[in-house]
Engineer: 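Have a look at this one before I ask anything.
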Amino acid sequence: MQENYSHSSIEKKCQAKWRDSKVFEVNEGSDKPKMYCMPMLPYPSGKLHMGHVRNYTITDVLARFYKLSGYNVLHTIGWDAFGLPAENAAMKSKVAPAAWTYQNIANMKAQLENMGLSFDWSREIATCTPEYYHWQQWLFVQLYKNGVIYRKSGVVNWDPVDQTVLANEQVIDGKGWRSGATVEKKEIPMYYFGITQYAEQLLADLEQLDGWPEQVRTMQKNWIGKSRGMEVTFAGAGAHDGLTVFTTRPDTLMGVTYVAISAEHPLAEVAVANKPELAEFIQECKLGGVSEAELATQEKKGMFSGLYVIHPLTNEQVPVWIANYVLMNYGTGAVMAVPSHDERDFEFATKYALTKKVVIKPVKDTDDYQPETTAYTDYGILVNSGKYDGMTFEQVFAALETELAEKNIGQVKTNYRLRDWGISRQRYWGCPIPIIHCEHCGDVPVPEQDLPVRLPEDLIPDGSGNPLNKDERFTKCVCPNCGADARRETDTMDTFVDSSWYFLRYTCPDSHNAMLDERVKYWAPVDQYVGGIEHAILHLLYARFFYKALRDLGLVAGDEPFKNLLTQGMVLAETFYRQNPNGSKDWFSPMDIEVVKDGKGNIIKATYKGDGMEVQYGGIEKMSKSKNNGIDPDEIISQYGADTARLFVMFASPPEQTLDWSDSGIEGANRFIRRIWRMVFEHTQQGVVAKYTTGDLTTEQKKLRTQLHQTIAKVTNDVGVRKQFNTAIAAIMELLNAYSKVAFVGDNGRALSQEVLEAVIIMLSPIAPHVCEVLWSELCPDSELLEQAWVVVDPKALDVDEVEMIIQVNGKLRGKIMVAKSLTKEQIEEMAKQNPNVQKFIDGQVIKKIIVVPNKLINIVV
RNA sequence: GCCGGGAUGGUGGAAUUGGUAGACGCGCCGGACUCAAAAUCCGGUGCCAGCAAUGGCGUGAGGGUUCAAGUCCCUCUCCCGGCACCA
């Protein structure tokens with residue numbers, strides 16, 4: 001054994017050994033319980049960043065821990081290989097997205113291999129391969145035939161200069177990212193997945209997911225947004241049909257002073273016919289992007305439509321306004337406005353000097369009730385509402401339910417915020433939608449035997465629309481129904497579709513005759529899923545929806561795809577940019593930036609190392625390709641080794657927590673590994689011994705053994721239950737700090753040293769697998785670390801007869817005593833009162849009460 | 001704007017169920033070894049007062065509940081994530 005640790009001489013050897021022995025390749029023929037452990041599918045941006053390192057180290061630690069704990073562990077990886085960055089790269093450097101993507105996959109795979117991860121590489125998949133998207137198209141056809149997929153029009157961001165659809169990310173302050181032109185909303189036909197058909201199940205089954213973080217379940221629940229309310233019809237005053245609104249607050253119906261409709265509402269067209277000056281305003285509403293964040297933060301604007309509707313209770317005329325804050329795709333595209341009891345309506349009514357009518361007052365009078373200056377949005381008692389005065393929300397609701405139903409102008413309705421999922425993308429680098437458009441037969445799904453519809457891999461987008469449109473090789477086809485010349489659909493699928501079922505394909509990646517085969521029934525559901533919190537809603541909701549849809553096709557069993565979920569916090573890094581004349585930004589890697597900070601750590605100046613000129617600071621954000629702030633782990637791995645990199649990211653913070661990247665402290669992780677190496681070296685220099693079982697130990701040895709088994713209990717719980725690795729590592733560090741102070745004299749002493757070191761190596765091996773594998777072979781020659789069992793606690797070692805208790809007087813710490821476990825509460829109280837420092841604080845005082853928390857503290861209240 | 005989260009020493013973080021705030025690491029200070037340096041080892045390190053024992057203060061801000069609050073409740077500030085076409 002070498003005296004000093006050198007990562008370069010051991011890591012490559014270990015990785016080759018694991019690869020050649022196929023030790024991490026698994027199948028369904030095991031008698032051990034199965035454990036499917038998986039990180040989220042990465043986008044192949046070309047370079048690993050610390051967020052990836054964190055993600056894959058977490059799953060690897062868990063996978064290796066479960067393997068030692070006796071499970072048949074499946075740990076998988078693949079590539080979310082379709083998507084926008086490949087097209088952007090193509091525009092920039094004229095490389096075909098396919099070539100760019102495959103090159104990136106090769107680069108990142110090499111980086112992953114350097115990390116020593118226990119993936120079953122034989123199951124690797126890339127979503128851009130025909131072998132994969134074949135089955136996605138097949139599924140599309142099944143769902144299309146079952147009515148889960150349908151076609152309707154949807155609104156997109158349209159760049160009028162580049163003549164192309166933009167992603168929300170490409171709309172910056174309402175302008176196109178490349179052209180700088182003001183973006184417009186445009187309606188185009190799209191395919192939709194009917195996820196709302198599953199809204200109720202997606203909501204109800206959240207209850208089953210007790211292995212998920214509460215915050216994720218809450219976010220999904222709010223996203224689905226189930227609400228019970230009423231649909232109320234306002235009849236038209238004049239020559240139009242009126243409109244229907246949805247409201248969750250029918251108790252405020254008497255307070256309605258106007259009705260607001262979206263610019264896309266059918267009634268808006270009627271209004272324009274009577275009042276041509278509206279056209280300009282409706283046009284103005286079309287400017288800007290479609291994202292909800294943009295719509296919600298824009299200035300609220302509106303214009304009177306010239307139309308009136310009839311209030312269903314009072315029969316008074318109510319003006320109809322066209323407003324930019326009303327969303328066509330939520331509810332009915334029209335809202336009843338109650339300025340006194342809704343903040344948005346209040347703001348709008350104030351701006352346009354519209355009437356406000358107070359109809360709710362609080363149950364108990366409070367100072368907060370100022371209906372003249374702010375909207376009162378809480379529930380309360382009705383006032384100014386005629387015969388409804390004095391009623392509560394529930395009472396009015398019930399009264400109106402009957403009354404409106406009788407007149408046939410209103411009914412109770414359950415509404416969901418969740419919308420159907422539009423999956424059409426006017427992009428080239430994605431999974432082709434398997435539809436053929438025939439003049440005679442309409443939309444015809446591609447027959448199963450003609451799948452996959454292959455995406456040509458040699459096109460290079462130029463920023464003006466989808467190059468598939470211009471590629472006759474692709475578009476020209478015949479109708480499978482009637483044989484007439486037809487045109488192939490050129491839209492591709494949202495990449496969220498790709499990532500909604502990949503975890504099932506890992507179970508049978510070589511299945512050529514079916515999307516999934518019987519092996520999925522063995523492995524699914526995923527037992528432990530690990531990925532970024534940023535996926536808390538969209539990806540996880542879509543994957544849950546897919547699983548239910550696949551279940552209904554009989555392809556999988558159960559209701560939910562992910563049993564346990566660990567959402568890791570993002571790794572953030574500083575961002576730096578320079579603004580181009582047209583408003584676009586060039587982003588610089590933080591690794592190429594020289595930063596000057598003030599005393600409080602604020603950045604006051606940043607310069608690019610390449611030219612020494614200043615760059616702008618863009619704040620701390622998640623590491624991403626688009627902001628170019630990913631920190632590449634290669635440098636750390638080549639300098640310190642993968643074990644150090646892994647140990648460092650696991651030690652830096654608990655997994656759920658956001659981590660502002662800093663590499664200060666990485667040397668500490670490396671120092672710790674070198675220290676263990678030296679301890680094992682010194683121990684084995686004196687020959688190999690069997691680990692301690694029984695026999696006399698010195699007092700300090702006994703104490704160390706107690707600490708060893710306390711540490712085993714803590715680490716097992718921290719890794720297996722709490723999944724908090726930083727505290728597990730800290731406990732091992734503490735144990736070794738204690739170890740280094742003990743003299744291991746005698747045979748029993750040496751055996752204890754062996755016991756401690758063996759346990760430490762096993763506990764640390766999921767985190768730092770290479771060095772542990774080598775050290776194990778020194779401690780226990782002719783035995784394989786990966787074949788060992790996880791360490792177990794010896795209850796005898798945990799037996800102690802004395803504990804330390806703290807003494808408080810009025811809640812302040814005044815002393816500490818060692819207390820034998822056999823003592824009664826009264827004896828402990830007496831001992832506490834005798835403590836000299838405690839005496840100072842209770843002397844001459846009346847003791848009111850003494851609280852004793854067993855094995856912890858005594859609080860004397862005077 | 002809406003939904004979800006976060007804020008603890010110089011610094012990353014610990015405190016698992018309301019019960020010793022600051023474990024463990026980094027940095028810094030001092031010492032040992034060395035011709036010297038690196039590496040390593042030993043000691044110290046929240047702030048204020050004190051030679052010390054010890055005391056006072058202290059978990060983003062303000063209030064509250066409790067014998068006891070980083071932890072629970074209310075109000076607020078700032079930061080991060082998501083908002084349906086980034087993935």
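For the numbers below, each heavy atom of this structure counts, side chains included, while hydrogens, waters and symmetry mates do not. Just so we're on the same page: letters track the sequence lines, and every chain starts at 1.
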Engineer: Return the value, rounded to whole Å, for the distance between atom CD of A/E682 and atom C1' of B/C41.
Structural biologist: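 Answer to the nearest Å: 11 Å.
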Engineer: I'd like to know if the side chain of A/Q298 and the backbone of A/N324 have a donor-acceptor N/O pair within less than 3.5 Å.
Structural biologist: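 Yes; judged by distance alone, with no hydrogens or angles, the pair exists.
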Engineer: Could you tell me if the side chain of A/W79 sits less than 4.5 Å from the side chain of A/I125, heavy atoms only?
Structural biologist: no
Engineer: Scan nucleotides 24-30 of chain B nucleotide by nucleotide, 5' to 3', and note B when protein non-hydrogen atoms come under 4.0 Å of the base, S if they reach only the sugar-phosphate, - if neither.
Structural biologist: BSSS---
Engineer: Measure CD1/A/I676 against C1'/B/U40 and give the value in whole Å, please.
Structural biologist: 16 Å
Engineer: Nearest-Å distance, CD1 (A/I673) to P (B/U40)?
Structural biologist: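 Answer to the nearest Å: 13 Å.
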Engineer: Rounded to whole angstroms, how far apart are CG on A/L41 and C1' on B/A87?
Structural biologist: 10 Å
Engineer: Side chains of A/L647 and A/T644: does their closest heavy-atom pair fall under 4.5 Å?
Structural biologist: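 Side-chain contact under 4.5 Å: no.
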Engineer: Show me the donor-acceptor pairs, under 3.5 Å and distance only, between side chains in residues 531-544 of chain A and residues at least two apart or in other chains.
Structural biologist:
from	atom 1	to	atom 2	distance (Å)
A/H539	NE2	A/Y529	OH	2.7
A/R544	NE	A/E560	OE1	2.9
A/R544	NE	A/E560	OE2	3.2
A/R544	NH1	A/L202	O	3.2
A/R544	NH1	A/Q220	OE1	2.8
A/R544	NH2	A/L202	O	2.7
A/R544	NH2	A/E560	OE2	2.8

Engineer: Only counting residues at least two apart or in another chain, list the ones meeting ring-ring contact (aromatic ring centres under 6.0 Å, His included) with A/Y640.
Structural biologist: none
Engineer: Taking atom P in both B/A84 and B/G13, compute the distance separating them and give it to the nearest angstrom.
Structural biologist: 30 Å
Engineer: Under the ring-ring contact (aromatic ring centres under 6.0 Å, His included) rule, collect the residues that match up with A/F672, sequence neighbours excluded.
Structural biologist: none
Engineer: For A/I851, does its backbone N or O pair with a side-chain atom of A/N859 as donor and acceptor, under 3.5 Å?
Structural biologist: no
Engineer: In whole Å, what separates the C1' atom of B/U34 from that of B/C41?
Structural biologist: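 The answer is 13 Å between these two C1' atoms.
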Engineer: Among residues at least two apart in sequence or on other chains, which ones pass salt bridge (charged side-chain N to carboxylate O under 4.0 Å, His left out) with A/R814?
Structural biologist: none
Engineer: Checking the side chain of A/T127 only, and the main-chain atoms of A/D498 only, is there a donor and an acceptor separated by less than 3.5 Å?
Structural biologist: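 Not at all, since once roles are kept as given, no pair shorter than 3.5 Å links the two residues.
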Engineer: Provide the distance between the two P atoms, one in B/A23 and one in B/G5, to the nearest whole Å.
Structural biologist: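 The answer is 29 Å between these two P atoms.
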Engineer: Taking the same atom, P, in B/U11 and in B/G4, what whole-Å distance lies between them?
Structural biologist: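 Taking atom P in both B/U11 and B/G4, they lie 31 Å apart.
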Engineer: Determine yes or no for a side-chain-to-main-chain donor-acceptor pair under 3.5 angstrom, with A/N222 supplying the side chain and A/G225 the backbone.
Structural biologist: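 Such a contact is absent between A/N222 side chain and A/G225 backbone.
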Engineer: Tell me whether A/E294 contacts the main-chain N or O of A/S291 through its side chain, where contact means a donor paired with an acceptor under 3.5 Å.
Structural biologist: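 No.
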Engineer: What does nucleotides 66-86 of chain B look like as a protein-contact string, B for base, S for sugar-phosphate only, - for none, at under 4.0 angstrom between heavy atoms?
Structural biologist: -BS-----------SSSBBBB
Engineer: For atom P, what is the distance between B/A21 and B/G70, given to the nearest Å?
Structural biologist: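 Each nucleotide's P atom is 8 Å from the other's.
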Engineer: Which sits closer to the 5' end of RNA chain B, A/A296 or A/R674, going by the nucleotide each is nearest to?
Structural biologist: A/A296
Engineer: Where are the stems of RNA chain B, defined as at least 3 consecutive Watson-Crick or wobble G-U pairs with both distances under 3.5 Å?
Structural biologist: B:1-7 with B:77-83, B:10-12 with B:24-26, B:27-32 with B:40-45, B:46-49 with B:54-57, B:60-64 with B:72-76
Engineer: Rounded to the Å, how far apart are A/L647 CG and B/G12 C1'?
Structural biologist: 13 Å
Engineer: Could you work out, with side-chain contact (heavy atoms from CB on, under 4.5 Å) as the rule, every residue matching A/S662, not counting sequence neighbours?
Structural biologist: A/S664
Engineer: Go through the structure and list residues passing side-chain hydrogen bond (donor to acceptor under 3.5 Å, both in side chains) with A/S653, not counting sequence neighbours.
Structural biologist: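 So A/S653 forms a side-chain hydrogen bond (donor to acceptor under 3.5 Å, both in side chains) with A/R54.
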Engineer: Just the rounded figure in Å: distance from C1' of B/A87 to CD of A/E87.
Structural biologist: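 Taking atom C1' of B/A87 as the reference, CD of A/E87 is at 14 Å.
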Engineer: Spell out protein contact along nucleotides 52-63 of chain B as letters: B when the base is contacted, S when just the sugar-phosphate is, - when no protein heavy atom is under 4.0 Å; keep the 5' to 3' order.
Structural biologist: --SSSS------
Engineer: Looking only at atom P, what distance separates B/U59 and B/G64, rounded to whole Å?
Structural biologist: 15 Å
Engineer: For the residue pair A/T492 and A/C431, establish whether any side-chain heavy-atom pair is separated by less than 4.5 Å.
Structural biologist: no
Engineer: Would you mind reading off the distance between A/E3 atom CD and B/U40 atom P, rounded to a whole angstrom?
Structural biologist: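 After rounding, the reported distance stands at 13 Å.
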Engineer: Say you pick atom C1' in B/U8 and the same atom in B/A15; how far apart are they, in whole Å?
Structural biologist: 10 Å
Engineer: In whole Å, measure the gap between the C1' atoms of B/C80 and B/U17 for me.
Structural biologist: 29 Å
Engineer: Let me know the distance between CZ of A/R217 and P of B/G5, rounded to the nearest Å.
Structural biologist: 13 Å
Engineer: Is there a side-chain contact between A/R675 and A/S740 (heavy atoms, below 4.5 Å)?
Structural biologist: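 Heavy-atom side-chain distance check passes, below 4.5 Å.
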Engineer: For B/G9, does the glycosidic angle fall within 90° of 0 (syn) or outside that (anti)?
Structural biologist: syn
Engineer: Taking C-beta and beyond as the side chain, do A/V862 and A/F841 meet within less than 4.5 Å on heavy atoms?
Structural biologist: no
Engineer: For nucleotides 14-18 of chain B, list the nitrogen or oxygen atoms of the protein found under 3.5 Å from its nitrogen or oxygen atoms, one pair per line.
Structural biologist:
from	atom 1	to	atom 2	distance (Å)
B/A14	OP1	A/N726	ND2	3.1
B/A15	OP1	A/R722	NH2	2.7
B/A15	OP1	A/Q724	NE2	3.4
B/U16	O4	A/K714	NZ	2.6

Engineer: With sequence neighbours excluded, what pairs up with A/S6 under the side-chain contact (heavy atoms from CB on, under 4.5 Å) test?
Structural biologist: A/Q2, A/S8, A/S9
